[in-house]
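Working notes, structure below.
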Amino acid sequence: MPEIVTLTMNPALDISTSAAHVVPTNKLRCTKPQYDPGGGGINVARVANVLGGDVVAVFPSGGASGGVLESLIAAEQVPFRTVPNGGSVRESFAVDDRELSEQYRFVLPGPELSIREQDECLEVFTETAGNARFVIASGSLPPGVSPDFYQRVSDAAAKVGAQFILDTSGAALQRTHTGVFLLKPSIRELRESVGGDLTTRSEQAGAAQRWIRAGKCEIVILSLGAHGALAITADSDEWFPSIEMPVRSAVGAGDAMGGAIAVGLSRDWSLHESVRFGIAAAAASLTVPGTGLCRRSEVEELFITQSDSRCSEAIESIRRIEKERERQCSAC
Ligand SMILES: Nc1ncnc2c1ncn2[C@@H]1O[C@H](COP(=O)(O)OP(=O)(O)OP(=O)(O)O)[C@@H](O)[C@H]1O
Ligand SMILES: [Mg+2]
């Protein structure tokens with residue numbers, strides 16, 4: 001029984017490539033495509049797994065693209081359970097323009113999920129999360145799924161006694177009213193959801209605290225892209241700077257952050273330490289092209305070198321885990 005379970009209602013097969021320059025009409029000769037597993041919860045699970053978390057990913061899967069997706073996840077040794085569905089897993093397409101160093105991202109809708117398939121997803125998820133401490137739903141909902149689906153996930157998490165982390169947007173975010181432990185919107189998603197420019201820290205914290213007072217969630221980690229993140233609770237807000245990195249691809253930065261935060265919390269680190277770990281994972285993910293996410297050694301190195309004295313216990317625990325890994329390696 002895993003400690004962390006992720007749910008991805010709208011998984012994707014991510015295809016990334018590059019062209020010399022992206023222009024209309026002309027055929028664009030692209031480089032060899034890279035195929036990666038995609039969809040919010042799947043990326044969260046990949047990061048949590050890379051960082052040593054005890055995680056299982058649950059998602060609906062079908063069609064030829066579903067087969068490729070599953071084999072890619074299996075190749076990364078991420079434990080997963082699928083719910084077979086009638087349609088094909090969607091494909092997402094990212095093209096780097098090498099001349100301008102810009103990235104174009106095309107996101108297709110997923111296949112429609114029947115009510116029965118949705119119920120099965122919830123059943124498999126709840127069963128898998130029987131003893132989990134954290135459950136994470138991340139990403140959009142595919143066609144046919146009601147925007148209040150994540151409220152059902154929130155209720156299911158409460159039933160099994162797991163803390164619910166949610167990263168979504170639009171109506172799915174708006175229609176989740178109660179029981180979330182930690183919400184991770186980006187500033188773009190918060191603006192879309194509550195309206196207004198929310199330019200100042202007090203406006204941003206105020207909007208998040210209205211959610212908290214209404215019982216939607218306990219904690220909001222508001223990610224601000226290159227400007228870092230704001231961790232907001234009922235009576236506090238703390239700003240965390242980002243770590244400056246050369247950006248190869250911003251795809252999956254938020255998922256890397258969510259996965260690392262869940263791993264930190266599952267190790268009983270403080271919220272402060274877990275958010276710092278999340279920022280280190282997000283920064284490491286920026287340097288990897290496509291949706292290759294991040295490498296454990298880089299995340300831990302960034303965390304150790306970029307964190308403050310309030311992270312000393314988490315740093316100690318990373319060193320202990322590292323020693324244990326070395327001991328196990330030399331024993332075998
Ligand atoms: N250009 C950047 N430089 C440094 N860190 C970054 C940069 N972009 C993102 N990050 C890190 O990744 C985290 C998450 O990024 P962001 O706020 O863009 O969320 P996101 O979930 O990826 O966005 P969205 O869901 O809106 O596409 C940030 O809090 C920050 O720590
Ligand atoms: Mg995001």
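Indexing begins at 1, ligand by ligand and atom by atom, following the structure's order.
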For [atom], what is the nearest protein heavy atom, given as residue, atom name and distance?
atom	value
atom 22 (O) of ligand 1	Gly254 N, 3.0 Å
atom 16 (P) of ligand 1	Ser223 OG, 3.6 Å
atom 29 (O) of ligand 1	Gly228 O, 2.9 Å
atom 26 (O) of ligand 1	Ser186 OG, 2.7 Å

Check each atom of ligand 1 against the heavy atoms of [X] and keep those under 4.0 Å away; list them by number with element.
X	result
Val247	1 (N)
Glu189	25 (O)
Leu224	17 (O), 29 (O)

Can you find a side-chain donor-acceptor pair between [X] and [Y] that sits under 3.5 Å?
X	Y	value
Glu123	Thr126	no
Thr233	Ser236	yes
Ser18	Arg98	yes
Lys216	Thr176	no

message: A side-chain contact here means heavy atoms from C-beta on lying under 4.5 Å apart; do Asp36 and Asn43 qualify?
response: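 No. Closest side-chain heavy atoms not under 4.5 Å.
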message: Side chain, backbone, both or neither: which applies to Leu286 and ligand 1 if a contact is any heavy-atom pair less than 4.0 Å apart?
response: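 Leu286 to ligand 1: side-chain contact only, backbone stays beyond 4.0 Å.
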- request: Specify side chain, backbone, both or neither for Ala226, according to which of its non-hydrogen atoms lie closer than 4.0 Å to ligand 1.
  value: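 Both the backbone and the side chain of Ala226 come within reach of ligand 1.
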query: Taking it one step at a time, do Lys184 and Ser223 satisfy side chain to side chain donor-acceptor pair (under 3.5 Å)?
result: CA-CA 7 Å; Lys184 207 283 312 151; Ser223 64; 2.8 Å; yes
message: Between Glu322 and Arg319, does any NZ, NE, NH1 or NH2 come within less than 4.0 Å of an OD or OE carboxylate oxygen?
response: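 A salt bridge is absent here (no side-chain N lies under 4.0 Å from a carboxylate O).
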query: Under a 4.0 Å N-O cut-off, is there an ion pair linking Arg133 with Asp268?
result: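 Yes, this pair counts.
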query: N/O of Ala253 under 3.5 Å from N/O of ligand 1, yes or no?
result: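 For ligand 1, there is no N or O atom that lies under 3.5 Å from one belonging to Ala253.
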query: Taking Thr168 for the side chain and Gly139 for the main chain, is one N or O donor matched with an acceptor at less than 3.5 Å?
result: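 Pair found, side chain donor or acceptor close to backbone of Gly139.
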Option nearest [atom] (shortest heavy-atom distance, choices [options]):
atom	options	value
atom 27 (O) of ligand 1	Lys184, Glu244, Met245, Arg188	Arg188
atom 28 (C) of ligand 1	Gly225, Ala280, Ala229, Ser242	Gly225
atom 13 (C) of ligand 1	Ser169, Pro246, Gly252, Ala282	Ala282

- request: Give the ring-plane orientation class for Phe303 versus Trp269, where under 30° counts as parallel, over 60° as perpendicular and anything between as tilted.
  value: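 Correct class here is parallel.
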query: Is the closest heavy-atom distance from Asp255 to ligand 1 below 4.0 Å?
result: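 Outside the 4.0 Å threshold, so no.
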query: Can a non-hydrogen atom of Ala283 be found less than 4.0 Å from any atom of ligand 1?
result: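 Contact absent.
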